[in-house]
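Both ligands and their constituent atoms are indexed starting at 1 by order of listing. What you see is a predicted model, and the numbers here were worked out from it, not measured in a lab.
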Amino acid sequence: MSEPQPPQPAEQTAAATAAAGRPTQEGTPVAPEQAVGAAQVGVIGLAVMGSNLARNLARHGHTVALYNRTRARTDALVEEHGHEGTFVTTGELDEFVGTLERPRRVIIMVQAGAGTDAVIDALLPHLEQGDIVVDGGNAHFEDTRRREARLREHGLHFVGAGISGGEVGALEGPSIMPGGSRESYEALGPILEDISAKVDGEPCCAYMGPDGAGHFVKMVHNGIEYADMQFIGEAYDLLRAAGLGTTDVAEVFRTWNTGDLESYLIEITAEVLEQVDARTDRPLVDVIEDAAGQKGTGRWTVQSALELGVPVNTIGESVFARATSSHPELREAARQALTGPDRTLEPADREQFVEQVRQALWSAKVVAYAQGLDQIRTASEAYGWDVDVAAVARIWRDGCIIRARLLERIRSEYAAHQLVTLLEAPSVREELARTQEGWRQVVAAAVTAGVPVPGFSAALAYVDSLRAERLPAALVQGQRDYFGAHTYRRTDDEGSFHTLWSGDRSEVRV
Ligand code: NBP
């Protein structure tokens with residue numbers, strides 16, 4: 001048996017500073033017994049998102065306690081990136097909890113759903129009143145509401161934090177949308193703001209509201225992301241149908257990215273289009289199967305919108321467009337059976353057409369934001385969240401997938417005006433007045449040529465529906481009254497009315 005070795009100098013330093021409650025020496029992994037109560041924050045779940053978030057926290061000078069169900073991931077993280085900051089490595093949950101300063105801040109980054117519940121169940125016995133549990137995964141906001149209520153009963157704070165930006169964002173600065181108690185934000189907010197993306201020094205992280213507000217905002221963010229990607233896809237398809245090659249379209253997107261359309265998604269679109277497949281020497285996009293996948297946040301957005309009665313037809317069409325693309329047997333059967341125009345667009349002035357497509361893309365994008373923000377505003381009222389829509393636009397300006405120049409305009413419009421819809425904001429309505437002619441031309445040309453533009457046309461239909469003095473809903477009400485005695489209201493009188501359709505067709509007040 002060898003004698004126990006005295007601690008190495010680095011460990012002594014770490015232990016001493018940890019015991020004093022100060023951050024331990026950077027780059028030295030700290031054992032849990034040497035860091036009791038010294039870690040400012042802990043991360044559970046060290047797959048790609050959790051690891052990168054932990055590294056981001058450590059790079060910002062926070063001492064980070066680490067725990068993962070499979071220990072190998074914890075060791076791998078410290079082995080590869082331990083030099084980036086101060087990590088406390090733990091193999092058991094009680095050890096992990098013991099290393100955290102109070103109130104404890106625990107960020108869970110595990111697979112959403114059952115994984116999150118399993119971690120909460122295991123964690124709960126080790127926590128004390130006032131501790132803060134953060135779920136940074138892609139949870140459904142109703143799950144977050146349920147978990148928040150459950151932990152509140154134990155005197156704990158549960159924060160559902162939407163985190164966007166993918167793995168690079170988690171490491172370099174994501175957009176963070178935390179919900180939960182205001183009190184918990186006081187203890188947690190500064191750390192999250194610290195690691196979030198910044199725009200002119202302003203963090204892309206803000207308190208969104210109680211219980212499920214943060215995850216709701218993140219869900220709608222993803223819904224808008226679906227719509228934006230669909231619009232970009234339609235613009236690409238139209239330009240190809242008008243005879244532009246893939247590289248030409250990439251160049252168009254590069255140019256657009258220097259103007260009002262500047263955004264992360266436009267930027268990566270140009271890069272994807274420029275990628276050449278090494279196997280075939282063809283544009284990669286031409287050899288990728290045209291069946292779009294989805295993980296479910298777009299669907300959740302639409303399901304929630306249906307329940308709230310908020311029209312988000314651009315997001316709905318985007319979810320359905322992915323579904324349509326992913327039904328090969330349906331597409332093949334219809335392709336064999338149906339005839340129609342051959343998708344050729346022959347614009348008289350190609351340059352002008354490219355500009356019209358740009359206008360359609362900008363306009364549709366604004367509509368998707370208007371719809372998503374309307375959904376957030378409506379949910380905020382329904383759930384009593386009091387979400388600040390200007391703050392939502394502010395924290396989406398960077399770090400997240402839908403970051404775009406347009407968001408600064410949206411932020412400033414919401415900050416300056418009480419808006420029912422983004423579409424009435426002065427600078428938005430002025431721009432829409434300028435772009436709508438091109439947008440209409442593009443939709444009309446696409447329909448005539450047989451190029452599907454479900455996103456562009458849904459956005460336009462939404463605008464025209466909102467603009468209409470009278471909608472055919474009056475006829476729908478008449479029909480409903482005819483077959484179901486559902487009654488209708490009159491434009492010239494108070495109350496509800498029913499026509500005796502199968503009788504003498506006189507009207508009765510009900
Ligand atoms: P995954 O979603 O792939 O989950 C893997 C992690 O969950 C591993 O650490 C795994 O531990 C842990 N885990 C599982 Br699975 N079941 C568990 C359980 N019952 N108890 C404890 N741990 C469990 O990781 P990710 O891709 O890093 O994403 C984490 C969260 O962030 C998810 O909610 C995801 O939706 C969300 N998100 C991801 C992205 C992205 O770009 N990937 C972006 C935004 C948000 P193990 O190592 O022992 O298997």
Side-chain angles (χ1 to χ4, degrees), residues 42-57 64-81 87 89-97 106-126 133-144 147 158-179 192 195-197 204-205 212 214-226 229 264-265 268 293-301 395-396 399-403:
V43 179
I44 299 180
L46 301 173
V48 59
M49 288 296 286
S51 293
N52 283 359
L53 205 71
R55 290 171 59 196
N56 186 352
L57 286 159
V64 187
L66 302 174
Y67 173 81
N68 191 67
R69 181 178 58 179
T70 310
R71 172 74 194 232
R73 277 200 211 264
T74 315
D75 295 336
L77 168 57
V78 172
E79 173 94 19
E80 283 173 50
H81 305 288
F87 297 102
T89 55
T90 69
E92 300 296 333
L93 264 183
D94 57 346
E95 241 177 21
F96 168 83
V97 171
V106 179
I107 303 179
I108 301 174
M109 290 301 291
V110 303
Q111 210 168 60
T116 309
D117 281 322
V119 170
I120 291 172
D121 287 345
L123 194 58
L124 213 54
H126 304 290
V133 178
V134 184
D135 175 14
N138 265 340
H140 191 284
F141 76 99
E142 289 287 13
D143 283 338
T144 303
R147 290 172 183 140
F158 185 76
V159 173
I163 300 182
S164 177
E167 52 187 282
V168 175
L171 181 63
E172 294 177 357
S175 170
I176 310 181
M177 298 147 248
L192 296 184
I195 63 161
S196 73
C204 291
C205 170
H215 274 140
F216 190 92
V217 170
K218 170 63 166 52
M219 176 188 78
V220 174
H221 162 285
N222 285 25
I224 295 171
E225 178 185 312
Y226 272 59
M229 292 170 75
Y264 170 72
L265 283 170
I268 66 163
Q294 48 184 315
K295 278 191 166 174
T297 43
R299 185 176 67 237
W300 289 352
T301 310
I395 66 172
W396 285 350
C400 62
I401 304 297
I402 62 170
R403 60 187 183 259

Which of the atoms in ligand 1, numbered in the order shown and given with their element, are less than 4.0 Å from a heavy-atom of [X]?
{"X": "Gly166", "result": "41 (O)"}
{"X": "Val48", "result": "26 (O), 27 (O)"}
{"X": "Gly45", "result": "9 (O)"}
{"X": "Ala47", "result": "5 (C), 6 (C), 8 (C), 9 (O), 24 (O), 27 (O)"}
{"X": "Met109", "result": "29 (C), 31 (O)"}
{"X": "Leu46", "result": "9 (O)"}

Tell me the nearest of [options] to [atom], using heavy-atom distances.
{"atom": "atom 32 (C) of ligand 1", "options": "Thr297, Val110, Leu123", "value": "Val110"}
{"atom": "atom 34 (C) of ligand 1", "options": "Asn138, Ile163, Ile108", "value": "Asn138"}
{"atom": "atom 38 (C) of ligand 1", "options": "Met49, Arg71, Lys295, Lys218", "value": "Met49"}
{"atom": "atom 18 (C) of ligand 1", "options": "Arg69, Arg73, Glu167, Gln111", "value": "Arg69"}

Flag side-chain contact, heavy atom, 4.5 Å: Phe216 against Met177: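 Sidechains of Met177 and Phe216: no contact.
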Answer yes or no: is there a side-chain heavy-atom contact under 4.5 Å between Asn138 and Lys295?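 Contact flag for Asn138/Lys295 side chains = no.
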Have a look at ligand 1 and work out which part of Ala118, if any, has a heavy atom under 4.0 Å from it: side chain, backbone, both or neither.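 Only the side chain of Ala118 comes within reach of ligand 1.
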Mind checking what makes salt bridge (Lys or Arg N to Asp or Glu O under 4.0 Å) contact with Arg69, not counting sequence neighbours?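 Here no residue qualifies.
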Using salt bridge (Lys or Arg N to Asp or Glu O under 4.0 Å) as the criterion, list what pairs up with Glu142, not counting sequence neighbours.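 Testing Glu142 for salt bridge (Lys or Arg N to Asp or Glu O under 4.0 Å), a comparison that skips the adjacent residues, returns Arg145.
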If you measure from SG on Cys204 to CZ on Arg403, what distance do you get to the nearest 0.5 Å?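 Between atom SG of Cys204 and atom CZ of Arg403 there are 9.5 Å.
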Parallel, tilted or perpendicular: ring planes of Phe96 versus Tyr67, cut at 30 and 60 degrees: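 Aromatic pair Phe96/Tyr67 classed tilted.
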Is it the case that atom CD in Gln294 sees more than 12 heavy atoms from other parts of the structure closer than 6.0 Å?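 Yes.
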